[in-house]
Structures are given as structure tokens and as C-alpha cells.
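The sequence lines fix the lettering, A, B, ..., with proteins before strands; numbering per chain opens at 1. Worth knowing before you read on, the calculation uses all heavy atoms, side chains too, and leaves out hydrogens, waters and symmetry mates.
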Amino acid sequence: MPAPAEYRLVFKHIDEPGYTNDIECYLRHGGYEQLKKAFTMKGPDIVNEVKASGLRGRGGAGFACGVKWGFIDPTKNTKPVYLICNADESEPGTFKDRQIIHKDPHQLIEGMVIACYANNVHLSYIYIRGEFPLGAKILEKAIAEAKAKNFLGKNILGSGYDLEIYVHRGAGAYICGEETGLIESLEGKRPYPRIKPPYFPAVLGLYMCPTIVNNVETLCDVKHIIAMGGANYAKIGKPNNTGTRLIGVSGDVAKPGYYEFEVGSLTLGQLINDVCGGIKNGRKLQAVIPGGSSSKVLRAGEKYKIKEKQADGSMIDKEIGLEDIPMDFDTMAAVGSMSGSGGVIVIDDSRDIVSCLANLSEFYAHESCGQCTPCREGSLWMKKITRRLADGHGRLEDVALLKSVADNIAGRTICAMGEACSWPVQSFVAKFKNEFEAKGRAGKGPAVAATNGH
Amino acid sequence: MSATCHDTQDHVELKPEFVAHADELISHYPVSKRSASLPLLHFWQETHGYISNQAVEWIAGKLGLNPIQILELVTFYPMFRQHPAGKFQIKVCRTLSCQLGGAYELREHFMKKLGITKVDEHGLGISADGKFSVEFVECLASCGTAPVIMVNDDFYEGVSHTQADELLQKYN
Amino acid sequence: MSCKNPFNHDITPADAPLLNVQVDGQWVQLPRGLNVVEAAKRVGKFIPHYCYHPKLSISGNCRMCLIEMGTPKMGPDRKPIIGADGKPEIGWIPRPQIGCATMISEGMGIRTDSPMVQDCRKGVMEFLLINHPLDCPICDQAGECKLQEFSVEYGNEDSRFVEQKVHKPKQVDIGERIVLDDERCIMCSRCIRFSREMVNDDVLGFTQRGSHTTLAVHPGKRLDNNYSLNTVDICPVGALTSKDFRFKMRVWFLKETKSICTGCATGCNILIGSRENVVHRLTPRENELVNSEWMCDQGRLGFHYIHAEERLLQPTARVNSTTLPVAWDDAFAQIRDRIKSYKPEQIAIIGSARMTNEELFLLAELRAGLGGNAVLTDVVPRTGEADGILRSADLNPNTAGAKLFQISNDGKNLAAIKDGIESGRIKVLYALHEDPVGDAGLSEFALAKLDLLITQKLLKSHSTDIAHFSLPGASFAEKRGSMINGAGRLQRLNKAIATPGQTMDDFEILLKLRSTITGGNSLHTIEEVFKAVAASIPALSGLSLSKVGDLGVEVAPAAATVTT
């Protein structure tokens, strides 16, 4: 079956010839019309539309956006409410928000103003990763333009509603993508994720006030939900997996890139083979990391048992292969991985799979904030073991040791970084056991003088 | 260790425009000026090249903090430097998609071309003339066009070795 | 309480409602407001932890207190499902939770030692040790190291770590009194939180990140506050050590004696760590009504004079210009013989608000024997600045006692004593634990005019040199007795070490002097003296030293006239 056509909603104007990132262009394309529409609605009604849309967060966890907003009841608390746009796009394999920020920043700002209005927010920040200096400048310019046209600032469009948005730059830390780490960073502290309980952002967020943290893509979706109504938005995609999804494909495919599809409308096989032109250089697929580097790896040739909902509502058991997996939240979870942040990394059969894991383990060791014991110590340990294995200094027992170290991290840390660093290890080692054991067997064992602890 | 005091660093005189812009940045955080820590660090580094001990103490004083609270950040975030790097800082993305796209070979290429053989504890190498520094950085979020690099704030995608050579010319 | 603390996780209000909680299979009732670590502690279950401290904010970083927990299973009617034992059935959460940040709730189940919990602890112990130096034999913390203790209790026998360890700075001088070994630090952040939350001196922080995270101070602003040594106490490992104590003595050799600090009117409860009649350190002892778990550095380090070179070790008598050792009984008899001939108006006493109640009581009796109120008497007031934490503005530990026994006249009589001596009206001065010159402000010239100068103190000075009788007394660590702190709390001192040389416990000196001068003696022991004290003071009636107990009793809120 050929892949369905792209469904461009958020990416509608991305890379469109002649489309520029200034406000005049945005206005020519119907920009800020949804904001005007939103101002005709009451905040809680907008929240209800978002709830009805079924929109799930696009940052990685896939948490229902309307439910997240629903945790905050501006009528019941006396503290200010803050909204932070998480533009810290740092999950390896993910490169969707960059496109929006660079090429269509006003879409994000319109979505943000609507979201802020809906939740009675008057001060909002865009936390953008430090590695996007140009993106930060573009956003700052866009904010100034929007302010000049009174889409931001005091008494927006005569509505009586005030909102300030500021851009806040990170400085090279993956952990700032974790919402409570981000909040600490925004408070000017080391971005140590907070313990939950009690520090749920909806209750004790930025400056200990109720805070919403939403991904760039999620906030853009809000604009489209206002445009078409929650119920209509929910018709896109699949039940519980509504809307469109930005997907970035990288690695060993002929045509890597970013795409937008209805959630679940195409399979992983269609994505790789049809959309991305298959594995490059005529090689074969070895593995896919389907939802950012922390999602569990899928091995070519694997079979998965899933339950599929039939038209009459009954469920039937089904066995599918890797290429048959529909790209949606629930099926990705059912096959033991996750659609995460929408970053698909494809690995062909020429690659040393152990080196691939060593690369990721190095990333996580570098990015562990060091606050809590298992991740701080375990991530570096896993890096050292995988590096040894990849470099020919492994031992057979390292394979079991690696898994055991990962098992001692996942589920025992303050934040999801524990899972993020151990899932790749657990899944690579489990699914490519032979490859790892072969490396271990062939290895010379630990070298005497390793680098100085790094 | 990099957390030590660098007494030998040059003291810089701060221009009124610098202070005024710092104050403007602080105004973005009406609830807590401590939030302005990162913006001030960025601004200092953009202006003066690296975060000196003077920077740590000045920013801490400006925000009513103890200097350790700024030092905590400087040493946490890899983008902040406590020593000058090259005039042109080449940052090669290291993470998986870029590795698959040849990032390690690209970094090696830059190192060789620039004659850099030594790196510091963070992996930063500086050319003998101080013009270029080369380092690996983690994912730059443009995985589909691997390998990607940044030269200072400029971003380059799908960088071949030929393009790398051209960039070295361009920034010369 | 002197020490304000928003984080008393181990204390619940008296009226906190009781919750039914299942701990390791047993249903118990515990007050609402406790976290799982404290709840378990109340039923005798110890949940190991590093970063959690009952007096500090909760950071949850060490992950050592991971436990298994569950909440009541709910039926379709939204009510708990009751099991065969009549108790709610518990739905166990498959993921471990940290005990420190989990508050108990009605019907909660806690497993403190299940296979999952044991596995978690083993994992955390391994992680904490892989980059930690394994050189306990040369580590000063050995013997009171939680890493060492928990490793034995909960850890693995063998190391699976074959990589190079992370190296960090050693012997970092981070403050006047503190040395840091970063390789031993487990990043629990207790010291950081203590400095921030208890002392408002946020000078400690973490630099670098990940496994390279390093505890540090900024070179320009170090850990020099007057509470810095508490960080050594709460450091669970050997990262922070006291320059004063490190490598002086293995802790397992130390005998610990419960006593109180005599550095100011707060009377912080302490442990005196001593070995073979040498005091090696003072550490705070928990008393929520006084000092919680803390003490100031000044008080903590203010004991070295006990073993000073200038310590007077035997009674001496001066005849003309010659000072010679004298036997105690001879000294008492000679004093009696010489003092008899003076009228009360010719005698003055400078006592001390550093003396115990028992000593002050006996001194008051002695004064009565010498002529009562006509004997001009006072103490030397000492004032400093209260710091809003523990230090009192009154630097004497027993001002309240000195007033109670009417030895103190708030220093107002000192001028009259001085005048009296200078004018020749006063011929006899008995000065106890205050130096007539150095403390009371008399001149050497004035002292020379005295017919009879009796000093009773610890350290040699000009005054003791020229005294007709120098009676070497005992330090706070060498005596038993009681004092009343600035808040009116009666507390006990205990004897940690023997009095050195021929020195004598002051209450004994006073007892003997009193019986020698006034005759008769019904009192022999410190208990008997206290009993006599209690009988004479209504506020203390019915009390005995043993009833005062380790934590003291409030006897006179009104006595808290001293500003703190």
C-alpha cells in the first residue's frame, strides 16, 4: 500500500516558496485570525475545545493537553498562572520545532497567546535551547512585531487582556527539556528536576505558582483547534491519537527530512520506504529508533503482538512486523517503544550496533544533570562499558552487567532521564544480544589506563 | 579544575550601554531577577568572549546572589566558557544521526586541517594561532541533514569535507 | 525554641489525627503529617537514607530511601475494598517511591524491606560506591560513615566496576574550619541546604555536572559562618571534616558524655567526645526545646582552654613574695584563719555566671557565713550580639542561676567593689572563675592593696600569681551540676573527664571551704547539694538532678529576663 499523502497543518507553510517569517506574510496567510476568534470565546470554553480535540502533548510523553490545562483552575487559585513554551528541542533525532521557530514563528506565538488567554496567563516565556541563537532572534523579532500590532502586550486587540512573552535561552542542557528542570533553569538555578510529589508544575511550578509547560508543536496545534473546533480536530488521526504529527526521519534513509502526517495514518514501513525512499545505498534495515533517542529500539524482522480495535469495537489479536507498525502513540507503546518526540532514527545493516548504543550512552552520560544517584553514576558507567565494548575492550560479562546497571536506574530516579538513559541500553542489549556478546567475547577487556574518568 | 579563580584574567571596563542592556534583560523577569542569570551570562559571553571571575562576581552582585550561584551555572552549561576559545568556534554535532552522517570523520578533518592535536577536559581543541577552536557538541536538532555544525552562531547542514575546507577559508 | 525551623519533618502537631497505615504487614496508627521515613521510624523500622534530614528541606536525590507503597484498592462504589482481615486491601504501586517525600495517608501500605526495596538499595549503594574512594582505613569519617554502615548492611560484597574512577579535588580548603574531600562527597546536598535554610548563608553549591558534579565554594565567599561545623555533623560521609578534629582521634575511641555548652545563655545540648581524660570534640545533641540538632562553631570549639598550658594544676599559697604549693586542707584552714578577722564590709566576692547552680548556692551559703548581704557580691556580665539563630546576647551560661542565688547584681556592684578596694575599705577579695583584672576590670594596683586575695579559676594569670591563695577549679567538662539557660530551662552538666592534677571540682572546694569556715557539714554529694538547692528555691521544689534528665526542665519562664 502506498503511503498516504502528507497532511500539513502545522507545517502548512513551511518551505512554501515565498513564505517568510515576518508578520506581514503571516497576516497575508490569515495570521492571528484565530486569536481574534479566541477572544470571542471564554477561557474555559477554549480549554474545553482543547479537551474535545484529544490533543496529546508533542514533546515526548504524549500527555493529554486539555487534561494538563484542566489541572489549573484560574478561578480557584489566587496565584498567577504561568505558561512556558518548551522550545528546548534536544531529544536526539528530533528536529521539528526548529522548522516552526525559524520559518513560521508567528504560528507559535498565536498559539501561545490563545493558550495563555485560555488559562488566564499574563506572563509567559519561550524557553529555547541555547543552540538556536538564530531561532531566539527570530522569535524576539516576531514578538516585537506582534506587540507592535497589539497581538501581545497590554489590552490585546481591545480585549482588556494583557500578556507579555519573553524569550529565554538555555545554554546546552538536555535536562532543560524536562519540564521541572526547565522551570528551575528559568528560575536561574541549576536545572535539577524537581521531585513529584510535591512539585507538580500545575500546582507548584515557576516561582511556586501553577504553571503550564507545552511543547512548540502542541501550542501550534492549539491555533488549529480554535480554527476547526475541537471536535473536528479530533476527527483527524485516530481515536486517542488525534491530529497530525510532525515526524523527522534521520539516519540511513535515502531522503531524510521532516514530514507531517495524520497520527497513525501511515506505518513505519511506509515512512521509511515510501516517504523517505528506503534505506540508502541499497542496504538493508537493521534497526529503527522510532521516537527520539530514548525510545526503545525496534529491530528489523521483529514481530509484535498487538490488539487491534475493529469497527464494531471488538478487539482482535494481531501479529505485525516492524514495517507494519502504525505511527501513533498507542501502537508504538503496544510494541514496547514510544512515538515520543517524533524523531525516527534509521540504522542500516552496515552499522555497528554496539557503537550506535555507545554514541547514545555518551550523550546521556554527558547530559545527566547529576542530581540523583542512579542516573548520575549509572549513565557514566553505561557510557564507559559501551565505549569499551565498541572499542574492543569488552568482556562477555559486560553484556549482563550493562543490562543490570540499566535496570538499576530505570524507575528509580527523580525524573524520566532515568528511563531515557536506560531504555536504549535495555532494548539494544536485549534485541541485539548476539552482537553485544560477540563484541564482548572478542574484546581484550579493560585497558589499564583509561581516560581520566571522563 | 575549571571552578578555580582566574586571577590572571584581564579586568574589563563595562560600558554604560552594557549595563543598560543588562538592566533591560533583568526587566524581563519581574518576579525574580535571579531568572536573569542565564541571559546575563549569555550577554557577557557574547560581549567579552568568556565568563571570567569578574563576570561571575559582577552578575552575582547585579542579581543579589552569592557568586557560587552563578558559578554553579557557568560550570553546568557547556555553552559557557571559563577560558577564551577560538575566534571562530567550530562545534560539530556528535550525536547518533550525525555520527551516522560522518560527524566523527568531519571533526577529525577539522582537527587535521587546523593542526590541532590536544584537547582540554571538555574536548575543546584550539588552533595554534587561536583563530579556530573545534569541539564536539551534543545534538543540534537538525538530524535530517547530518552532519551539522555551528561556526559561532552560524549553522551549517550536511557539511562535506570540501564544504568544511571552504568554511575554514570563509572564516579566515 | 531558639532555632526556628520550617522543616521539622519528625514533629507533628499534638492534635494531628491518627491514620491507619500498614507497615511491613502490621497495621499501626500514626499521626498525619509524617513522611514514610519518619512514620517507619516510629514503629521501629529504619529506612536508610543519605540526603533526607528531618530538619532540612527534602531534596530526594540520594534514592536510598526507596520503598514500596500502595494505597487502598477502591471498589466500584469508590470505597476501599475491605479484605478478609477487615482491613483495606492495598493496591501496590509497581514502581518504588522515595520514603522521604511520600507522606503517609489513610490506608497506605508501606514495605520497607521487600525484595524490590532490597534490590533498589543494593543498586543505589553500588552506584554511590563506584566512584567513591575505597580507602576507609585512612578516612577520618570511618566509624561514623553512613556509606560504610549501609554498605555492610545493604550493599554488594564485590565490586562490578572495572572502569577508571572519576577524580575530583582532594583536601579543598573551603572555610576557616572546614576541609572538603570532593571524591568522598555523594552530592546529597545536606550541607548546601543547611547553609541556605538554617544560616541563610548560601555559599555552598555544586559545580560541573553529571558524575563530575563537585561541591564547591566560590573562592571569594567561603564557608566561614559561625555554624559551618554543623555541615560536618550532617555530612553522611567523609567529605566535610573539621580542621580542628580531623585525624586527631578515631571516633570509636571516643567516650560520649551528655552535657551542655557553656558558651552562652542558650545552653545548647552537647555530647563531649573524650578519651583518656582528654576532650577531643563537642558535638550538638538534639533538644528540640533548645538547639534542635545544631550548635555554633564558637561554642563547639571553645573547649581547648581545658587542656591549655596555663592550666593551674594545684592549690598554691603566697607568703610575702613566695608562692608555694599547699595542701587543700591547709589552704582551707589558712583561709579560715585569715578571713575571720575581717568584717563583712571588708570582704567582697566576685562570682561568675559561668558557675553551676550548686556552686552558686554554696557560694551564697558561704557568704551568709561571712556576714551575709554586707559582703559585697557580684558577677561579671558578658554581652555580645544575638544572631537570631542560637547565639544569645548573654554570653554567660547561667546568668539566671546567678540571679536566683543572689550572687549576681547584674554587674552593678563591680564598681563599688573596685572603689572599695582602691579606697582600702575592702581588704579581702574572693574571685571565682572570673579574673579580677582581665574579667572584672580591677587594676593590678588595686589588687596589690588587698590583704587577702583568693582566686578560684582554671588558668594562670597575673591575678593568680599574686593571689594569696590560688584554688584551681574544674572546667565544665570535669564537673556535674546544673545551670538555667536564658529561656529559664534547667539543664545538667555531666562529667566527661577527671579533674587534672590536684584540681578539684568547684562544688567540693566550696563545700569544704564553707564547712571549714562556718563549721558543720550535712552535704557531701552533688545530689545532696542539688536537693538543698531545690529545697531553698520554690521554682525548683521537688526536683532532683536525675529528674532534670538529659533534656532539662523548664523551671522559670520568668527567669528569661536575659535578652536572647
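Across all their heavy atoms, Gly188(A) and Ser37(B) have their closest contact at O-OG, 3.9 Å. Closest heavy-atom contact between Pro256(A) and Gly144(B): CG-O, 3.2 Å. A pairwise comparison of heavy atoms in Ser35(B) and Glu187(A) identifies OG-CA, 3.4 Å as the closest pair. Taking all atoms of both residues into account, the shortest heavy-atom contact from Pro30(B) to Tyr125(A) is CD-OH, 3.8 Å. Closest of all the heavy-atom pairs between Ala141(B) and Phe95(A) is O-CB, 3.2 Å. In terms of heavy atoms, Glu362(A) sits closest to Glu138(B) at O-OE2, 4.3 Å.
Side-chain contact between Arg190(A) and Thr75(B) is present, with heavy atoms from C-beta onward closer than 4.5 Å. The closest side-chain heavy-atom distance from Leu206(A) to Val31(B) is not below 4.5 Å. Within the 4.5 Å cutoff, the side chain of His366(A) has heavy atoms near those of the Pro78(B) side chain. At least one side-chain heavy atom of Cys369(A) sits less than 4.5 Å from a side-chain heavy atom of Phe76(B). His168(A) has its side chain within reach of Pro39(B): a pair of non-hydrogen atoms, C-beta onward, lies under 4.5 Å apart. Inter-residue side-chain proximity for Glu72(B) and Lys189(A) is flagged as unmet; no heavy-atom pair is nearer than 4.5 Å.
Ranked by heavy-atom pairs under 4.5 Å with chain B, the list Ala173(A), Pro191(A), Gly130(A) is led by Pro191(A). Between chain B and the options Ser293(A), Cys356(A), Gly251(A), the largest number of non-hydrogen pairs under 4.5 Å is found for Cys356(A). Among Glu89(A), Glu131(A), Arg351(A), the residue with the largest count of heavy-atom pairs under 4.5 Å with chain B is Arg351(A). Most heavy-atom pairs under 4.5 Å with chain A: of the set Gly123(B), Cys143(B), Ser97(B), Cys98(B), this distinction falls to Cys143(B). Per-residue counts of heavy-atom pairs under 4.5 Å with chain B were compared for Gly370(A), Ala358(A), Gly93(A); the largest is that of Gly93(A). By number of non-hydrogen pairs under 4.5 angstrom with chain B, the leading residue of Pro80(A), Pro92(A), Cys209(A) is Pro92(A).
In this structure, the separation between CE on Met208(A) and OG on Ser32(B) is 11.5 Å, given to the nearest 0.5 Å. Distance OH/Tyr166(A) to OG/Ser27(B): 5.5 Å, rounded to 0.5 Å. Atom SG of residue Cys139(B) and atom CZ of residue Arg129(A) lie 6.0 Å apart, to the nearest 0.5 angstrom.
With a 4.5 Å cut-off on non-hydrogen atoms, Val253(A) does not touch chain B at all. Contact annotation for Tyr29(B): both backbone and side-chain heavy atoms come within less than 4.5 Å of a heavy atom of chain A. For a residue to count as touching a neighbouring chain, one of its non-hydrogen atoms must lie under 4.5 Å from one of that chain's; by this rule Tyr258(A) does not touch chain B. Proximity to chain B (any heavy atom under 4.5 Å) is shown, for Leu186(A), by both the backbone and the side chain. Heavy atoms of Tyr207(A) lying under 4.5 Å from chain B belong exclusively to its side chain. Interface remark: Leu38(B) contributes side-chain atoms only to the contact with chain A (heavy atom separation under 4.5 Å). Tyr82(A) touches chain B through its side chain: at least one heavy atom from C-beta onward sits under 4.5 Å away, while N, CA, C and O do not. For chain B, no part of Lys280(A) is nearby; none of its heavy atoms comes within less than 4.5 Å.
Within 6.0 Å of atom NZ in Lys284(A), 12 or fewer heavy atoms from other residues, nucleotides or ligands are found, so the atom counts as exposed in its surroundings. A 6.0 Å sphere centred on NZ of Lys62(B) holds more than 12 heavy atoms belonging to other residues, nucleotides or ligands.
Counting only distance, with no hydrogens or angles, the side chain of Asn359(A) and the backbone of Arg94(B) share a donor-acceptor pair below 3.5 Å. In this structure a side-chain-to-backbone donor-acceptor pair under 3.5 Å is present from His42(B) to Gly170(A).
Look at Glu157(B) and Arg98(A) and you find no salt bridge, because none of the NZ, NE, NH1 or NH2 atoms lies under 4.0 Å from a carboxylate O.
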